[in-house]
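What follows is a short report on a single structure.
Positions are given from 1, in the same order as the sequence printed here.
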Amino acid sequence: METGSGIMWFFRERGFDDKSIHYMFNKCRRLEVVDREIASETWDYLRSTGIPGGKLSMVIRKCPEILTLDLHDKLVPMIQCLATLESRPKEVASAIAKFPHILLHSLEEKLCPLLAFFEVLGAPEKQIGKLILLNPVIISYSIESKLSRLVDFLASLGLSKDGVVGRFVAKHPFITRYSVEKRLRPACEFLRSLGLTEPQLQRAVLNFPEVLCRDVNKVLRSNVMYLESCGFSSSQLAAVVAGYPLVIINSVSKLLRPRIKFLKEAMGRSIDEISQYPGFFRHDIQRLKSRQKLLTQNGVECSLSEMLDCKHKRFLLKFVV
């Protein structure tokens, strides 16, 4: 138990309380045989990567197994490889703080195959680094059962041209967190059920992939029901969703309802105009109010797109000056 007491002192010297120490020993029984000097060497090395003391304590508490890894055979090679992916200082430190378990994975069996997987897909080298360091949990995903399935799904939507899938996933790494069968495919089928054509669906996925990541029953369907209650016909609804897909994930109470209310009551316009210009929903409510005020003061009538789809200087030149 001499080494056990030694590692206990290691933790106490670094500010860990008894509750945290007890938690870590329960989580990782191998801590009992970790040498205090070796643990100190590992700690100092991790500090040298740019992880500040407070965050390093959190890292070790979340993943005490790190202290059981061989420093020179396991940790150093992994961190050096991750460092080659950095485009800015301390990105590796940030990735470790975000997902400490990245250090438990094998360089040869997990990280290198993952890098090769995205390289084959055509993802740019810098984007691959960003993808992994901003979303380090991706190293824990199975290439065969998760990532390859995602790639096949995206290819089935028409994103199969050279490098498109790789660039898409690198740009939107959050999509890798979601199950194809439980989340992405049901959302896709829901969009089709609204009347979106395949080209419209493809554009929606490319430009607003977050729409696929929302639950159909909890978010997408309730937003559609609200829009239907406002009087949109099926064809108008399809046009609105195709033109501005975020409309089915935006907050009804904070974004959709205030804009529709303003459109009807203050602007005296019909929702029919929204189906002709779905981008209406992306404009800030204060922008709507200020421009409507100027149009009213100058007795000007124009379409929603003419009113909103231009910079303020051009708007003033066209309608006010």
Side-chain angles (χ1 to χ4, degrees), residues 49-51 74-188 191 196 198-214 245-246 249:
T49 67
I51 306 174
K74 175 79 174 177
L75 286 177
V76 172
M78 173 61 91
I79 290 175
Q80 286 179 342
C81 185
L82 290 172
T84 65
L85 306 178
E86 273 190 334
S87 57
R88 287 181 295 181
K90 299 187 178 179
E91 282 184 326
V92 170
S94 176
I96 294 170
K98 193 181 296 182
F99 184 64
H101 294 78
I102 191 173
L103 298 179
L104 303 185
H105 290 278
S106 167
L107 174 62
E108 295 80 9
E109 295 176 13
K110 291 291 289 188
L111 183 56
C112 289
L114 187 64
L115 293 172
F117 176 76
F118 285 112
E119 187 176 345
V120 168
L121 285 180
E125 188 175 337
K126 288 185 178 180
Q127 287 290 83
I128 295 174
K130 186 177 180 182
L131 166 68
I132 293 173
L133 294 178
L134 288 182
N135 190 43
V137 70
I138 198 170
I139 198 173
S140 66
Y141 299 158
S142 165
I143 290 176
E144 291 75 20
S145 63
K146 187 172 178 66
L147 297 178
S148 292
R149 191 168 295 176
L150 171 63
V151 169
D152 291 343
F153 168 72
L154 293 172
S156 74
L157 298 179
L159 312 186
S160 54
K161 292 181 181 178
D162 290 346
V164 172
V165 171
R167 291 193 296 273
F168 175 82
V169 176
K171 186 177 179 181
H172 307 288
F174 61 83
I175 203 167
T176 61
R177 302 173 196 164
Y178 297 92
S179 164
V180 169
E181 299 307 325
K182 293 180 180 179
R183 185 62 61 86
L184 305 182
R185 197 183 304 282
C188 217
L191 289 172
L196 269 68
E198 289 306 306
Q200 288 173 333
L201 179 61
Q202 189 178 110
R203 284 196 298 272
V205 172
L206 278 171
N207 297 318
F208 304 98
E210 55 268 49
V211 171
L212 294 189
C213 303
R214 299 297 191 274
L246 294 183
I249 67 171

Begin with the C-alpha distance, continue with both residues' side-chain angles, and end with the deciding distance and a verdict on side chain to side chain contact (heavy atoms under 4.5 Å, CB included) for Val151 and Phe117. CA-CA 11 Å; Val151 169; Phe117 176 76; 3.7 Å; yes
Does [X] reach the side chain of [Y], with side-chain heavy atoms less than 4.5 Å apart?
| X | Y | answer |
| --- | --- | --- |
| Asp152 | Val180 | no |
| Gln127 | Phe118 | no |
| Gln202 | Leu159 | yes |
| Leu206 | Phe168 | yes |
| Cys213 | Ile175 | yes |
| Leu191 | Val211 | yes |
| Cys188 | Leu201 | yes |
| Leu154 | Leu184 | no |

[atom1]-[atom2] distance between [X] and [Y], expressed to the nearest 0.5 angstrom:
| X | Y | atom1 | atom2 | value |
| --- | --- | --- | --- | --- |
| Leu196 | Arg203 | CG | CZ | 9.0 Å |
| Leu103 | Leu82 | CG | CG | 7.0 Å |
| Asn135 | His172 | CG | NE2 | 13.5 Å |
| Leu85 | Leu111 | CG | CG | 6.5 Å |
| Thr176 | Tyr141 | OG1 | OH | 5.0 Å |
| Ile143 | Ile138 | CD1 | CD1 | 9.0 Å |

Show the nearest heavy-atom pair for residues [X] and [Y], with the distance to one decimal.
| X | Y | value |
| --- | --- | --- |
| Ala123 | Ile128 | O-CD1, 3.5 Å |
| Glu108 | Pro113 | O-CD, 3.2 Å |
| Arg167 | Pro124 | CG-CD, 3.8 Å |
| Lys74 | His105 | NZ-O, 3.1 Å |
| Met78 | Ile139 | CE-CD1, 4.2 Å |

Counting only heavy atoms not in [X], do more than 12 fall under 6.0 Å of its [atom1]?
| X | atom1 | result |
| --- | --- | --- |
| Lys171 | NZ | no |
| Arg185 | CZ | yes |
| Glu181 | CD | yes |
| Glu119 | CD | no |

Does the plane of the ring in Phe99 sit parallel, tilted or perpendicular to the ring in His101? Use 30° and 60° as the thresholds.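 Phe99 and His101: tilted rings.
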Okay, side chain of [X], backbone of [Y]: is any donor-acceptor separation there less than 3.5 Å?
| X | Y | answer |
| --- | --- | --- |
| Lys130 | Ala170 | no |
| Ser156 | Phe153 | yes |
| Glu91 | Glu86 | no |
| Gln200 | Ala204 | no |

Verdict with supporting geometry, Ile51 and Ile96, side chain to side chain contact (heavy atoms under 4.5 Å, CB included): CA-CA 8 Å; Ile51 306 174; Ile96 294 170; 3.7 Å; yes
